[in-house]
Amino acid sequence: MERKKKEEWRLLLPYILIVASCAVVGFVYALIADRSDMWTMTSWLDFGRFQTPLYLFLLVGFSISFIAPLRIANNQPQSREEVWDRGIMLLWAMGYANLLVGFYHTFWGTTIFFLLGIFIHWGREIAQRKRPAFSPRLVIIATLLYVLYEALTLLWNDIPGMSGRYFRRELWLAIVPIAVFCYPPHREVVRGFMEYAMRITILYLSAVVLLYLWLCTASGIPITSCFALTKSYLLLPWRYSFPVTLLSLFGWQHYTYLSFIFTVPFLYHAVRARLISYQGIVLCLYYLLMLSFSIILQSRIYLLFIGVLGVILLVKSLTHISIQRVVAIGLITAAVGVTALLIISPNLLEYFTDSHRLELLRIGANYIGEHPWKGFGLGSSASLIYPFKQGYNAGHFHNQWMQSYLEGGLLSMLFITFVPASFYAVAIRRRLGDLLLAMLFFTLILLIELVFIFPEYLIGMMLMLCFLVESNKNVNNQHYNTKWL
């Protein structure tokens, strides 16, 4: 019993050291910072003052996140398979860290670590003469159908210099599932990767919170101002700025997509861990940091999801009802509650979606009925919006189904529906509560944003979803229990 408790405390060590490094760097910076000269009065905020302490914090934190688990593992005997697994975990963990922080915010920076891990896994499986599983086939078929139909639309709606570029971006929707599901990763590898991802996410979210606290200290903004739940709370003495400015020191800055990526490791662990445990303590910290992120960045849809997620997980832990039933009950309750609130306060929808998104949907509605089968062509949305709206947020419709219908017609909208539906089917058939919850958030994002034309985020989001599709057992020249799922 004592030995078990000691091992659990050793697992907590990386998190304790991360929090300690956060406190030390924050304290030292508070001592040396010159508040009278914190900012340079230019046309844009000068975050150069924050670069040194932020990167020092990340350097210390990443070192702890990667090295501490390796030292624990090195004290235990490992087989050759376990060494290979550890290498793949580390590659994917570095890729995941880059997805959040964006040290190399390029195409190759996004993909290289994940591709290396996948190719090493393929090579090992091929060397052992294992056959490709291509499972779950339903997801592969659904994504391929959509991509192939989008290719077909180029025959009748090819906008020069636009359609081909958009199609190349959407290709990753099918490439990622094929790459991951050709030889599905072993459960132990996924588990190890998710543990690394949890540590990295806690580090990343702590850095964002630190930046917010430093900003408030430098500019005199009350720390509690973010609770006003308005994107105009960041009123600096000389200019107004959006909260997303806090992410300007990172390579990736779209908080909606980022929030999906870093929520997946939380879901993976939350459906497996007991609330009253050492891991439960870490998950509570994780949850509070995600909640802080949503409030600081004023991501209202994420705040809504986080609130509902907290209720679902709390009910599950207290009642021991299966996650599928809790989600079903939660969705019905949420639907009734939202309908009642919209009747009572019609402006509530505008609060959660922003007025420009509703305006774009109204613009899209003007074109319904025109070219319903062929659509207007890939990449045509900007030209459709231009007569009604110009400038910022006028490049696309901020709704995946509206965009697919207008650009590719009814069949494109139908095939785009098959993609999330295939993941839902796999989640229900295999009883994967984490995948089910992730798909609820993914669907919510598709309603307010576009995902498939931004490969820098699409690749990361699809990888995280595919990693949640665990097999019932490692594939050893055997097929799963069901043919399609």
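Computed from a predicted model, the values in this text were never measured in an experiment.
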(message) Please evaluate residues Met439 and Leu465 with respect to the criterion side chain to side chain contact (heavy atoms under 4.5 Å, CB included), reporting the C-alpha separation (whole Å), side-chain torsions for both, the decisive distance (0.1 Å), and the verdict.
(response) CA-CA 8 Å; Met439 283 310 304; Leu465 277 178; 3.7 Å; yes
(message) Side chains of Tyr212 and Ser292: any donor to acceptor distance under 3.5 Å?
(response) no
(message) Do Phe181 and Ile178 have side chains that approach each other closer than 4.5 Å (heavy atoms only, starting at C-beta)?
(response) no
(request) Could you walk me through whether Phe114 and Leu99 pass side chain to side chain contact (heavy atoms under 4.5 Å, CB included), step by step? (result) CA-CA 11 Å; Phe114 289 106; Leu99 286 179; 3.8 Å; yes
(message) Check whether Gln298 reaches the backbone of Cys226 with its side chain - one donor and one acceptor, N or O, closer than 3.5 Å.
(response) yes
(request) Please report the closest heavy-atom contact between Phe266 and Leu283, naming both atoms and the distance. (result) CE1-O, 3.4 Å
(request) Side-chain contact test, heavy atoms from C-beta onward, threshold under 4.5 Å: evaluate it for Thr201 versus Leu205 and give yes or no. (result) yes
(message) Counting only heavy atoms from other residues, nucleotides and ligands, does the tally under 6.0 Å from CZ of Phe388 exceed 12?
(response) yes
(request) Say whether, by atom type as modelled, one donor and one acceptor occur between the side chain of Arg357 and the main chain of His398 under 3.5 angstrom. (result) no
(message) Closer than 4.0 angstrom, basic N to acidic O: yes or no for Arg124 and Asp85?
(response) yes
(message) We want to know whether Ser381 and Gln403 form a side-chain donor-acceptor pair, criterion being a heavy-atom distance below 3.5 angstrom.
(response) yes
(request) Heavy atoms only: give me the nearest Pro372-Gly369 pair and the separation to one decimal. (result) CD-O, 3.5 Å
(request) Indicate yes or no for a side-chain donor-acceptor contact from Gln400 to the backbone of Val451 under 3.5 Å, with no hydrogens or angles considered. (result) yes
(request) Look only at the side chain of Ser380 and the backbone of Glu407, and say whether a donor-acceptor pair between them is shorter than 3.5 Å. (result) no
(message) Please find the pair of heavy atoms, one from Asn98 and one from Thr110, that lie closest to each other, and give the distance.
(response) ND2-N, 3.9 Å
(message) For a 4.5 angstrom cut-off between non-hydrogen side-chain atoms, does Met194 reach Val264?
(response) yes
(message) Restricting to non-hydrogen atoms, name the atom on Tyr149 and the atom on Trp156 that form the minimum distance, rounded to 0.1 Å.
(response) OH-CZ2, 3.9 Å
(request) Report yes if the distance between the aromatic ring centroids of Tyr255 and Tyr302 is under 6.0 Å, otherwise no. (result) no
(message) Once rounded to the nearest 0.5 Å, what's the spacing between atom OG1 of Thr443 and atom CZ of Phe305?
(response) 10.0 Å
(request) Report the residue from Trp252, Trp172, Phe442 that forms a ring-ring contact (aromatic ring centres under 6.0 Å, His included) with Tyr457. (result) Trp252
(message) In the structure I gave you, are the side-chain heavy atoms of Glu125 and His186 within less than 4.5 Å of one another anywhere?
(response) yes
(message) To the nearest 0.5 Å, what is the distance between CD1 on Ile301 and CG on Leu444?
(response) 5.0 Å
(message) Walk me through whether Phe262 and Phe293 qualify under ring-ring contact (aromatic ring centres under 6.0 Å, His included).
(response) CA-CA 11 Å; Phe262 66 63; Phe293 181 92; 5.0 Å; yes
(request) Compute the centroid of each ring, for Tyr204 and then for Phe250, and state whether the two points are separated by less than 6.0 Å. (result) yes
(request) Apply side chain to side chain contact (heavy atoms under 4.5 Å, CB included) to Phe167 and Val147, showing your working. (result) CA-CA 8 Å; Phe167 174 70; Val147 169; 3.9 Å; yes
(request) Indicate yes or no for a side-chain donor-acceptor contact from Asn399 to the backbone of Leu447 under 3.5 Å, with no hydrogens or angles considered. (result) yes
(request) State, with a plain yes or no, whether a side-chain heavy atom of Leu138 is found less than 4.5 Å away from one of Phe418. (result) no
(message) To the nearest 0.5 Å, what is the distance between CD1 on Ile120 and CG on Leu115?
(response) 11.0 Å
(request) Evaluate whether atom CZ of Arg165 has more than 12 neighbouring non-hydrogen atoms of other residues, nucleotides or ligands under 6.0 angstrom away. (result) yes
(message) Rounded to the nearest 0.5 Å, what separates atom CG in Leu463 from atom CD1 in Ile118?
(response) 6.0 Å
(message) For Val180 versus Cys466, what's the shortest heavy-atom pair and its separation?
(response) CG1-CB, 3.8 Å
(message) Rounded to the nearest 0.5 Å, what separates atom OG1 in Thr143 from atom CG in Leu148?
(response) 9.0 Å
(request) Give the C-alpha distance, both sets of side-chain angles, the deciding distance and a yes or no for side chain to side chain contact (heavy atoms under 4.5 Å, CB included) between Tyr257 and Glu449. (result) CA-CA 9 Å; Tyr257 304 133; Glu449 292 286 358; 3.6 Å; yes
(message) Whether the side chain of Thr153 engages the backbone of Glu150 through a donor-acceptor N/O pair (distance < 3.5 Å, no angle test) should be reported.
(response) yes
(message) Please tell me whether Tyr146 and Glu170 have a donor and an acceptor in their side chains that are separated by less than 3.5 angstrom.
(response) yes
(request) Could you tell me whether the side chain of Tyr367 and the main chain of Leu384 form a donor-acceptor pair under 3.5 Å? (result) yes
(message) Can you tell me how far apart CD1 (Ile312) and CG (Leu440) are? Round to the nearest 0.5 Å.
(response) 7.0 Å
(message) I want to check something: taking the side chain as every heavy atom from C-beta on, are Leu144 and Phe415 in contact at a cut-off of under 4.5 Å?
(response) no
(request) Over all heavy atoms of both residues, which pair between Leu436 and Ala427 is shortest? Give the atoms and the distance, please. (result) N-CB, 3.8 Å
(message) For a 4.5 angstrom cut-off between non-hydrogen side-chain atoms, does Met413 reach Leu410?
(response) yes
(message) Less than 4.5 Å apart, side chain to side chain, heavy atoms only: is that true for Leu291 and Leu303?
(response) yes
(message) Could you check, using the six-membered ring where one of them is a Trp, whether Trp92 and Tyr196 have ring centers closer than 6.0 angstrom?
(response) no
